[in-house]
Each structure stands twice: as C-alpha cells, then as structure tokens.
Amino acid sequence: MTTTHRLPQKRHLVTELPGPRSSELTERRRSAVAAGLGSAVPVYAVDADGGIIVDVDGNSLIDLGSGIAVTTVGASNPAVADAVAEQAHHFTHTCFMVTPYEGYVAVAEKLNELTPGDHEKRSALFNSGAEAVENAVKIARLATGRTAVVAFDHAYHGRTNLTMALTAKSIPYKHNFGPFAPEVYRMPMSYPYRDPLGTDGVAAAQRAIGMIDKQLSADSVAAVIVEPIQGEGGFVVPAPGFLPTMAQWCRENGVVFVADEVQSGFCRTGDWFACDHEGVIPDLVTMAKGIAGGMPLAAVTGHADLMDAVHPGGLGGTYGGNPVACAAALAAIEAMQTLDLAGRAREIGEIVTASLSSTAESLAASGRDVIGEIRGRGAMIAVELVKPGTTEPDPELAKAAAAHTISQGVVVLTCGTYGNILRLLPPLVIGDDLLREALAILGEALAAG
Ligand code: PLZ
C-alpha cells in the first residue's frame, strides 16, 4: 500500500498509558460527562491519520478499531477533509426538507448504484445507524401493512427505543431502560461455533422459519432484520446458506428482508457489502459508520416500490443527510474506489488471520488452547476466547488481553454476547508493518494471559 500519510506511521509511547494529561481529562470528565458513557481506551485523542492515533500526552497508538468501523478511509483522509472544509465554507446546513441540495441527491445515486442488486432503488439519509434501522422498520411496516419484526439472537441494532428492542443483549444496552417497543420477535441465529446445527446454514434458517411460522405466521411479519456479519454480538458469520434461505423465504412471503450493514458495509469485509459475498440481495439495506469518513451520516437504500410507498413528509429529520456529511461521503466513497479498499480489506484479512492462527498454534503448543475460533471476513476479524480446551467463554481473558494490548499502545476492542471476543477493525489505509506490529503485541498479550 503506497498511500502517504501526514503523521509518522509509528507506534511511539512517551508516557505510561494513560499519561498525566489524559488522566487530568478523565478527572474533569467525571464532573462534566454523564457516567453512563464508557470509553474503551483511557487516552484522549488530539490527532489521527492512517493507522495512528496521537493522544494529549504525545503518545502515538496503533488503531485497530477505526472508532468502531468508521474511519475506513482514515480519520483525516485528505480528500474527505478538503470536501468537508469546502462544503462548510459554502453552507453547513439548510435542511433537505427546506432547501434541498445536490450532495444529498448525489449520495443517494451512489448508494443506489453500490448496494446489492441492479433493481430500481431509492435512498433516504439519516444521522446514525439506529436512526437508519428505525426508518427501515417504518418503511417496511407501512409498505406491508404488517407490524411484526423479526430479529436474531446476538443482534445489535442500536440504543433508541425500537432498536433497543431489536438488540439482543441486556447489559449494558437494555438493562432497566424498558418498556421496549412491541412486536419485536427474536429467533435463533446461525452461530457455527456454538450452534448444534454448525455449518449447516440452510438448516439454521429453516429452524428460524419454522419458529416464525409457529409463533407469528408469515403474513403478520413486516420485516426480518439481520446483520449479515454480526458486529457487537461477536463477529458472528452465519453459516453459508443461512442468509440466502432467509432472503428467499422473505421473498416468497411478502416479508421485507432488511440487511443491517451499519458495521459490515463499505469495503470492511472485502466487498462493498457483506451481503455481496453470497449474492444476497436485500429489500432494504441500512448503512452508517464507514459511509462518510467519520462524519455522521446514515442511510436506508432499497426497492423503489417499498421506499416510495411512504407518503411525502413521512420520512425526514432536521439534520438527516447534512450537506457537510454528504460531501464527506462522496469523497470517502471515491477514495474507497480509487484505493481499491475492498481489495485492501481482503489483504488485511489474510495478514490478520495468518498472525492470529500462528498465535493460536503457539498458545495450544504451550498448553493454553484458549483461541476457540478465529472468524470474520476481510478487515472484520475476531478471536473468540475460551477456557483452555473447552468452548466455555472466557471474558476475563478478553478483558485482560485487551487491557494489556492497549497499555502497549494498540487500540483494540472487545465484543460478543459473552464479552469474550477481541475484534479487529483496522482502518483500511493502515500499512502492513504497523498492522504486523500491532498483531505481534496482541499475540504477546494473549500469551501473557
Ligand atoms: N447496527 C450493525 O453495529 C452500531 C455501537 C456501539 P449507531 N454499533 C456500535 C455502542 O456501544 O453504542 C450499530 C451496528 C449495527 C446499528 C448500529 C447503531 O449505529 O450509529 O451507533 O446508532
């Protein structure tokens, strides 16, 4: 990869982490910011570029998180930064519902072109992944005249009331925040590592379909929503056949198949969208995160007849499709195309998988068989950690390994229903050397236990 970067692409620690200035900010934060907001890494950022985040104490950390799969093109991609500045100098906001502008239309055209399927499509823009999911459900309900929505075990769809209902995990996302939105039904997911049906994705889909038929009956279901690779739930890649079988059943029963590509979209998995891998064509796709190089933007794209079923004024929001965010999205998407970041995600996937596999081997050789599974696709790879030689989740090891890795200046995130998964989501513009260095540190952390 030959991209040039503004910041030196080198991990460099000048203090212990967190350093004194970060610790001071943590103190200030305590009396200013609500305690309900957590932070995975205890340092405060001042700069970021390529695979590096610089903190207030002058430490340079390697970024394997991309701000949760957002800064795919880098956190200060020059084309994105220029587009943002240029647009901000003209206008930051008019509201698309008041005085529309071309950038919104151009982003919608791009999304209609890039999302799976070559049918007639329409798009609507929003601010966050949760808002996109909420709107996909609104659209599906209105278009079908039905109310029930099916989501899956381990799913994550957001923190608003309806998306909390769709999200599976109680602590921290839902606990004591109810009552939740009604008419949400949860079905078993295909989770090959933990599912008795293993790698038989068709059987896993049939299990869910059988339960839907018994518990709901298909003609009351407005939508089935699924992350084609689950994010917060543990980078669960459903067994081959699961997604196509669910999509086919939806088609046959007039159910809207919604792919939540908020985390998996925009080159992350080595294709534009994770659905592309099995040629699945969703009725609606929800997108956010990687879409706009770090600016807040989200979208729903789908079949023109579904999207256009909604009455004028039925969709919107003051900031949805903000012009600065749209300018950023156009620049970010162009960068993904010109730098072939989907190809780069596949290369990153190979490097990450090879490194983690050799870590797993040496751990097993030393009698600590703690890597249950390495899974994911492209630059969305995770390790599921277990008690040695069992499949029993080991969240303590995940926590300790993440803390060790972070203390050495590498940003790494955990996830999973059982909290026992380390997930790697590097910016796709990270260089090989930096990536390998970070993986070596992660390997040491796992060896240290
Ligand atoms: N759908 C598949 O991954 C956001 C949330 C982290 P928002 N995931 C990271 C946290 O603790 O809040 C996500 C996702 C999928 C929807 C969302 C929601 O996107 O932009 O955070 O609302």
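For the single chain, residues carry numbers from 1 onward in sequence order. Both counts, for ligands and for their atoms, begin at 1 and track the order of listing.
Each of the following atoms of ligand 1 lies closer than 4.0 Å to a heavy atom of G129: 7 (P), 18 (C), 19 (O), 20 (O), 22 (O). Those atoms of ligand 1 with a heavy atom of S128 less than 4.0 angstrom away are 20 (O), 22 (O). Close approach of ligand 1 to R159 (heavy-atom distance below 4.0 Å) involves ligand atoms 10 (C), 11 (O), 12 (O). Residue E227 approaches ligand 1 through these ligand atoms, each under 4.0 Å from one of its heavy atoms: 2 (C). Counting the atoms of ligand 1 from 1 in the order shown, those under 4.0 Å from a heavy atom of Q263 are 3 (O), 8 (N). Heavy-atom contacts of A130 reach the following atoms of ligand 1: 7 (P), 18 (C), 19 (O), 22 (O) (cutoff under 4.0 Å). Close approach of ligand 1 to I68 is summarised as follows: ligand atoms under 4.0 Å from at least one heavy atom of the residue are 6 (C), 9 (C).
Applying the 6.0 Å contact sphere to OH of Y193 captures more than 12 heavy atoms from other residues, nucleotides or ligands.
Partner of V133 under the side-chain contact (heavy atoms from CB on, under 4.5 Å) criterion, out of D260, L162, V149: D260 alone. Here the options are V262, N135, V137, the test is side-chain contact (heavy atoms from CB on, under 4.5 Å), and the partner is T286; only V262 passes.
Of all protein heavy atoms, the one closest to atom 1 (N) of ligand 1 is D260 OD2, 2.7 Å. Atom 16 (C) of ligand 1 has its closest protein heavy atom at H157 O, 3.4 Å. Taking atom 8 (N) of ligand 1 as the reference point, the nearest protein heavy-atom neighbour is K289 NZ, 3.1 Å.
Proximity of the aromatic rings of F126 and Y319 is defined here by a centroid distance below 6.0 angstrom, and this criterion is not met.
Not a single N or O atom of G158, backbone or side chain, sits closer than 3.5 Å to an N or O atom of ligand 1.
For the pair K174 and F180, the cation sits on the ring face: its NZ or CZ lies under 6.0 Å from the ring centre, inside 45° of the axis.
For the pair E232 and K169, the salt-bridge criterion is not met [side-chain N within less than 4.0 Å of a carboxylate O].
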Given the rule in the side chain to side chain donor-acceptor pair (under 3.5 Å) test, do T115 and K121 qualify, once you have shown the distances and angles that lead to the verdict?
CA-CA 9 Å; T115 48; K121 293 176 209 158; 3.1 Å; yes
Derivation of the side chain to side chain donor-acceptor pair (under 3.5 Å) call for H157 and T167:
CA-CA 5 Å; H157 298 292; T167 290; over 6 Å; no
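Neither the backbone nor the side chain of Q230 has any atom closer than 4.0 Å to an atom of ligand 1 (non-hydrogen atoms only). Contact annotation for E131 and ligand 1: no heavy atom of the residue comes within less than 4.0 Å of the ligand.
Judged by distance alone, the side chain of D82 and the main-chain N or O of A79 form no donor-acceptor pair under 3.5 Å.
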